[in-house]
Amino acid sequence: MAVITRIIPPEEDGAAVRHILRAKLHFSSHAVSRLAHGGECIFVNGVPVHTPYVLRAGDVLAVETEDRRPPRAAAVPGNWPLPVAWEDEHLLIVNKPAGMTAHASNFLPGTPTVAGALAWTRGADFIFHPVSRLDKGTTGLMAVAKSGYVHDLLRRVLHTQAFRREYRAVCLGCPAPERGTVDAPIGRDESSAVARRVRPDGAGAVSHYEVLAKGEGVSLLALRPETGRTHQLRVHMAYLGCPLAGDWLYGTEDPGLIPRPALHSCALTLAHPVTGEQLEVSAPLPEDMQKLLRERFLPGTEAEIE
């Protein structure tokens, strides 16, 4: 059971519990309402209280953050490997393999899911709160909150400097210049049910890129998105004329090169939403991208690739 605690300082003497929940612990108004009607989940000095309760200096306020209602659609458990890169009682960061979606999809029935893998290992009552999502073909780090409270805190900072995401990608050709920013809005491609494209009436999208190494017709890139549009990095690289290797949707499908878009979420840097601890979690390149680098990059670039 995850619990948030706060010792009430002198300047908060006389404040109601509901005020501290909103102003100091940053519960949303909706979450405070759920707590108010959720039974015994708020305690002061070990005694259950309601949200109007008036606090005194030195009181220990404890709030259970566990979700108290089932999800609208429970995940179907599946025995699919899903390595965990970091975890505590509030948050976990998984290292998603290729071929796995976040949720079940009508477009991809029977596909392994992160939600199902966690339901298998954590129990069918585990409520899945994905903070950062990855496409089916993208590998790497993905943050999952263990409660709606933590999910809401992280969602507020997801596309800010307080939650930084970095990717490695292999693209066809080499962008010019070799370091830059793509600021190009993204919207739906009306000719496709799933594709996106750069369009002037799209939602704002900003991606930073840097070439780390060049090989035989391909380049290794560091990518950092500022925003989180669907397929953003894939669309932006195609917009530069350098689609990701293996990207069947925005480039050329080539299973002999790599059977998926060559994109990997390699690092997450964030302030822990509850403890404030600075987390820096990394994940090495998966074997299929390592193989591509070995085959296509010239001798002497190993240090750059590392």
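These numbers were taken from a predicted model, which means no experiment stands behind them.
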Closest non-hydrogen atoms of A143 and F163, given as atom of the first, atom of the second and distance, are CB-CZ, 4.0 Å
Main-chain N/O of L285 paired to Q290 side chain as donor or acceptor, under 3.5 Å: yes
Going from CG on L118 to CD1 on I127, what distance comes out if it is rounded to the nearest 0.5 angstrom? 13.0 Å
Is a donor on one side and an acceptor on the other found under 3.5 Å between the side chain of S265 and the backbone of G140? no
Carefully, step by step, assess R260 and I258 under the rule side chain to side chain contact (heavy atoms under 4.5 Å, CB included). CA-CA 6 Å; R260 64 176 181 92; I258 187 170; 4.2 Å; yes
Salt-bridge contact R155-D152 (side-chain N to carboxylate O under 4.0 Å): yes
Enclosure of E190 CD (heavy-atom neighbours >12, cutoff 6.0 Å): no
Any salt bridge between D13 and R56, counting N to O under 4.0 Å? yes
With a 3.5 Å distance limit and no angle check, can you tell me whether Y209 reaches the backbone of L233 through a side-chain donor-acceptor pair? no
Taking C-beta and beyond as the side chain, do L257 and T252 meet within less than 4.5 Å on heavy atoms? no
Can you find a pair of side-chain heavy atoms, one from W120 and one from L82, that are under 4.5 Å apart? no
Report yes or no: does T139 contribute a side-chain atom to a donor-acceptor pair with the main-chain N or O of A98 at less than 3.5 Å? no
Say whether, by atom type as modelled, one donor and one acceptor occur between the side chain of S207 and the main chain of V182 under 3.5 angstrom. no
R294 bridged to E287 by N-O distance under 4.0 Å: yes
Nearest heavy-atom neighbours spanning H236 and A184: NE2-O, 2.9 Å
Cluster check V157, F27: I/L/V/M/F/W/Y, side chain < 4.5 angstrom: yes
Does the side chain of T121 reach to within under 4.5 Å of the side chain of F126, using non-hydrogen atoms? no
Passes side chain to side chain contact (heavy atoms under 4.5 Å, CB included), Q232 versus I186? Steps please. CA-CA 7 Å; Q232 177 175 315; I186 294 175; 4.0 Å; yes
For R165 and H159, does a side-chain donor sit closer than 3.5 Å to a side-chain acceptor? yes
Does one hydrophobic cluster hold both F43 and L55, with members joined at side-chain heavy-atom distances below 4.5 Å? no
Check whether any side-chain N or O of H151 sits under 3.5 Å from a backbone N or O of P130 as a donor-acceptor pair, and report yes or no. yes
Once rounded to the nearest 0.5 Å, what's the spacing between atom CZ of R164 and atom CG of L158? 13.0 Å
Distance, nearest 0.5 Å, that separates CG of D183 from CD of E226: 8.0 Å
Is there a donor-acceptor pair closer than 3.5 Å between any side-chain N or O of T51 and the backbone N or O of A36? no
With a 4.5 Å heavy-atom cut-off, do T269 and E166 have their side chains touching? no
Using 0.5 Å steps for rounding, measure from the OG atom of S132 to the CD1 atom of I93. 8.0 Å
Side-chain contact, heavy-atom cut-off 4.5 Å: E12 with K24? yes
Got more than 12 heavy atoms from elsewhere within 6.0 Å of CZ, R122? yes
Hey, does the side chain of K146 reach the backbone of D88 with a donor-acceptor pair shorter than 3.5 angstrom? yes
Measure from the side-chain N and O atoms of R199 to the backbone N and O of R188, and report whether any donor-acceptor pair falls under 3.5 Å. yes
Worked verdict on R133 versus H103 for side chain to side chain contact (heavy atoms under 4.5 Å, CB included): CA-CA 10 Å; R133 300 169 187 259; H103 289 285; 3.1 Å; yes
Is there a path of hydrophobic side-chain contacts, each under 4.5 Å between heavy atoms of I, L, V, M, F, W or Y residues, that connects V60 with V17? no
Taking all non-hydrogen atoms of both residues, which atom of M237 and which atom of P175 are closest, and how far apart? CE-CG, 4.3 Å
Say whether, by atom type as modelled, one donor and one acceptor occur between the side chain of H264 and the main chain of A283 under 3.5 angstrom. yes
Within the structure provided, determine whether P243 and R234 are in side-chain contact (heavy-atom separation under 4.5 Å). no
Verify side chain to side chain contact (heavy atoms under 4.5 Å, CB included) between R22 and S29, making sure each step is shown before the conclusion. CA-CA 7 Å; R22 289 289 307 278; S29 57; 3.4 Å; yes
Can you find a heavy atom in the side chain of V114 that is under 4.5 Å from one in the side chain of M100? yes
Start with the C-alpha gap between H208 and T181, add the side-chain angles, then the distance that decides, and say whether side-chain hydrogen bond (donor to acceptor under 3.5 Å, both in side chains) holds. CA-CA 4 Å; H208 305 282; T181 297; 2.7 Å; yes
From V274, L270, T275, residue fulfilling side chain to side chain contact (heavy atoms under 4.5 Å, CB included) relative to L91: L270
From H26 NE2 over to L153 CG, what is the distance, rounded to the nearest 0.5 angstrom? 7.5 Å
Just wondering, are more than 12 heavy atoms of other shown residues or ligands nearer than 6.0 Å to OH in Y239? no
How many angstroms lie between atom SG of C171 and atom CG of D247, to the nearest 0.5 angstrom? 11.5 Å
Can you tell if the side chain of F128 reaches within under 4.5 Å of the side chain of T113, non-hydrogen atoms only? no
Least distance between heavy atoms, L220 atom then F297 atom: N-CZ, 3.4 Å
Which heavy-atom pair separates Y250 from A238 by the least distance, and what is that distance? O-CB, 3.7 Å
Using the rule that two of Ile, Leu, Val, Met, Phe, Trp, Tyr join whenever any of their side-chain heavy atoms come within less than 4.5 Å, decide whether V194 and L244 are in one cluster. yes
Minimum heavy-atom separation for L61 and I8, please, with both atom names. CB-CD1, 4.4 Å
Can you get from L223 to V206 by hopping between Ile, Leu, Val, Met, Phe, Trp and Tyr side chains that sit under 4.5 Å apart? no
